[in-house]
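Taking it in order: structure first as structure tokens, then the write-up.
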Amino acid sequence: MKLFITYSLLFLSTVVFAQKTMTPEDYISAYKDDAIKEMYLHKVPACITLAQGMLESGNGNSLLCRSANNHFGIKCHKEWSGETFTMNDDEDNECFRKYDNVLDSYSDHSMFLFSRSRYAELFQLTINDYKGWCYGLKKAGYATDPKYPERLIELIERYKLQELNTIESTPKQSFPSNDIIKSEMTIRAVYRFNRIRFVIAKDNDSFYKIAHDFNLELDQLLEYKDMKKTDKLQYGQKIYIEKKRRKALEPYHVVQ
């Protein structure tokens, strides 16, 4: 028994030692490219994504970050179908999203902002208006901390994260096909998150149009989203084009 306990303690010590505490500089170096990528794909300023990641995850050292790859404190909400992680926060035993990797967390953060109408005004701001974004996030209810905007701005200006926001001077990057899929005749951008493909509703869109574009029956599309024909489709809404399941699915094609 003593030998077993000794080996157990040694194993736990090794795990703790392996999880080196990250400094703000470590975090920026590790994830700034992911933040820039999200700026290209979803128009969320890189400095905002990075500063929120630093603040919400404690520079990558929080329990939620290390246990669930959740860098932005995003809770489950009713639309989440992936894995979960339970911990105490504002209330006991709250449900948080759990990701396979850090990039999934960054992608979901962008889509979380883009797909909710209360953040729509933020995307009308210029990419360099980081102060507007910081105060807008607080106004829209992203955080309850009354000093949230000031904390973000302090991080951005201390580490000069605003310099990451100049898309024109940022080196071009080729992004993996599993992040955004387009063909020569594409009429919609198709995204993949948590191994499930989805599209984002456009202006004057309809469930029928989306079903037609992907050669799906209307009832089939509505079933993927757990919606009814009478439900209203909103701009920026995430619409799944395949079932919410984790095993491999049949390939799809875009109808011209």
Side-chain angles (χ1 to χ4, degrees), residues 22-62 64-66 68-74 80 82 97-116 119-120 122-130 132-134 136-137 142 152-153 155-157 159-183 186 188-200 202 236 238-241:
M22 295 185 74
T23 65
E25 292 81 5
D26 291 335
Y27 190 93
I28 293 168
S29 177
Y31 303 119
K32 67 179 181 180
D33 288 342
D34 292 335
I36 292 172
K37 173 182 174 182
E38 289 304 310
M39 179 171 63
Y40 271 99
L41 292 176
H42 302 119
K43 309 307 179 188
V44 179
C47 71
I48 294 297
T49 299
L50 205 54
Q52 282 196 282
M54 294 171 70
L55 185 59
E56 297 288 346
S57 73
N59 297 315
N61 299 306
S62 71
L64 182 61
C65 178
R66 294 198 166 185
N69 280 319
N70 190 329
H71 284 233
F72 299 93
I74 299 180
W80 180 248
R97 302 183 183 191
K98 184 176 181 179
Y99 305 98
D100 291 336
N101 52 65
V102 176
L103 185 56
D104 277 355
S105 177
Y106 269 65
S107 296
D108 193 41
H109 168 260
S110 297
M111 296 312 304
F112 182 85
L113 297 178
F114 183 78
S115 63
R116 282 164 166 73
Y119 299 114
L122 296 178
F123 292 89
Q124 304 303 314
L125 301 174
T126 64
I127 203 73
N128 292 314
D129 188 4
Y130 63 89
W133 269 82
C134 291
L137 285 167
Y142 191 96
L152 290 179
I153 292 170
L155 285 173
I156 291 170
E157 295 182 345
Y159 297 103
K160 300 181 179 179
L161 303 182
Q162 68 272 25
E163 295 179 2
L164 301 174
N165 283 2
T166 307
I167 291 181
E168 293 77 11
S169 63
T170 305
K172 297 290 184 181
Q173 302 182 42
S174 58
F175 303 128
S177 60
N178 64 335
D179 294 315
I180 180 168
I181 306 168
K182 293 185 178 181
S183 67
T186 290
R188 292 183 186 275
V190 180
Y191 302 86
R192 184 186 300 149
F193 176 72
N194 205 29
R195 302 172 186 160
I196 306 169
R197 297 183 183 95
F198 66 91
V199 297
I200 300 298
K202 302 183 292 186
K238 180 190 296 184
I239 305 297
Y240 292 99
I241 56 174

Ring centres under 6.0 Å, that's the criterion: do Phe114 and Phe123 meet it? yes
Taking His42's backbone N and O only, do any of them form a donor-acceptor pair with Ser110's side chain (distance below 3.5 Å, no angle check)? no
Evaluate the side-chain proximity of Met22 to Tyr31: yes if any heavy-atom separation is below 4.5 Å, no if none is. yes
Does Lys98 offer a backbone N or O that forms a donor-acceptor pair with the side chain of Asn70 under 3.5 Å? no
Using distance alone, with no hydrogens and no angle criterion, decide if Thr49 and Glu38 have a side-chain donor and acceptor under 3.5 Å apart. no
Do Tyr159 and Glu25 come within less than 4.5 Å of each other through their side chains, counting heavy atoms only? yes
Would you tabulate the side-chain donor-acceptor contacts of residues 52-59 under 3.5 Å, counting partners in other chains and residues two or more places apart, or write 'none'?
from: Gln52; atom 1: OE1; to: His109; atom 2: NE2; distance (Å): 2.8
from: Gln52; atom 1: NE2; to: Tyr148; atom 2: OH; distance (Å): 2.9
from: Glu56; atom 1: OE2; to: Tyr148; atom 2: OH; distance (Å): 2.9
from: Ser57; atom 1: OG; to: Gly53; atom 2: O; distance (Å): 2.5
from: Ser57; atom 1: OG; to: Gly60; atom 2: N; distance (Å): 2.8

Worked check of side-chain contact (heavy atoms from CB on, under 4.5 Å) between Ile241 and Phe198: CA-CA 5 Å; Ile241 56 174; Phe198 66 91; 5.6 Å; no
Given side chains that start at C-beta, do those of Leu155 and Leu50 come closer than 4.5 Å, heavy atoms only? no
Within a strict 4.5 Å, meaning less than it, do heavy atoms of the Asp34 and Ser107 side chains meet? no
For the residue pair Leu64 and Asn69, establish whether any side-chain heavy-atom pair is separated by less than 4.5 Å. no
Taking C-beta and beyond as the side chain, do Tyr119 and Phe112 meet within less than 4.5 Å on heavy atoms? yes
Taking only residues two or more places apart in sequence or in another chain, which ones pass side-chain hydrogen bond (donor to acceptor under 3.5 Å, both in side chains) with Tyr106? Tyr27
Go through the side-chain N and O atoms of Asn165 and Tyr130 and say whether any donor and acceptor fall under 3.5 Å apart. no
When rounded to the nearest 0.5 Å, the distance separating CD of Glu163 from SG of Cys47 is 10.5 Å
Between Val102 and Cys65, is a side-chain contact (heavy atoms from CB on, under 4.5 Å) present by the stated rule, with each step listed? CA-CA 9 Å; Val102 176; Cys65 178; over 6 Å; no
Looking only at non-hydrogen atoms, find the nearest pair between Leu125 and Gly132 and report the distance. CD1-C, 3.6 Å
side-chain hydrogen bond (donor to acceptor under 3.5 Å, both in side chains) partners of Asp26, counting only residues at least two apart: Lys20, Thr23
Any non-hydrogen side-chain atom of Val44 less than 4.5 Å from a side-chain atom of Met39? no
Check Gly136 against Leu122 and note the closest heavy-atom contact, atom names and distance. CA-CD2, 3.5 Å
Could you go through Tyr142 and Leu113, starting from their C-alpha distance and side-chain angles, then the distance that decides it, and tell me whether this counts as side-chain contact (heavy atoms from CB on, under 4.5 Å)? CA-CA 9 Å; Tyr142 191 96; Leu113 297 178; 4.0 Å; yes
Side chains of Trp133 and Ile153: does their closest heavy-atom pair fall under 4.5 Å? no
What verdict does the side-chain contact (heavy atoms from CB on, under 4.5 Å) test give for Ile74 and Asp108, after you've listed the backbone C-alpha separation in whole Å, the side-chain angles of each residue and the deciding distance to 0.1 Å? CA-CA 9 Å; Ile74 299 180; Asp108 193 41; 4.3 Å; yes
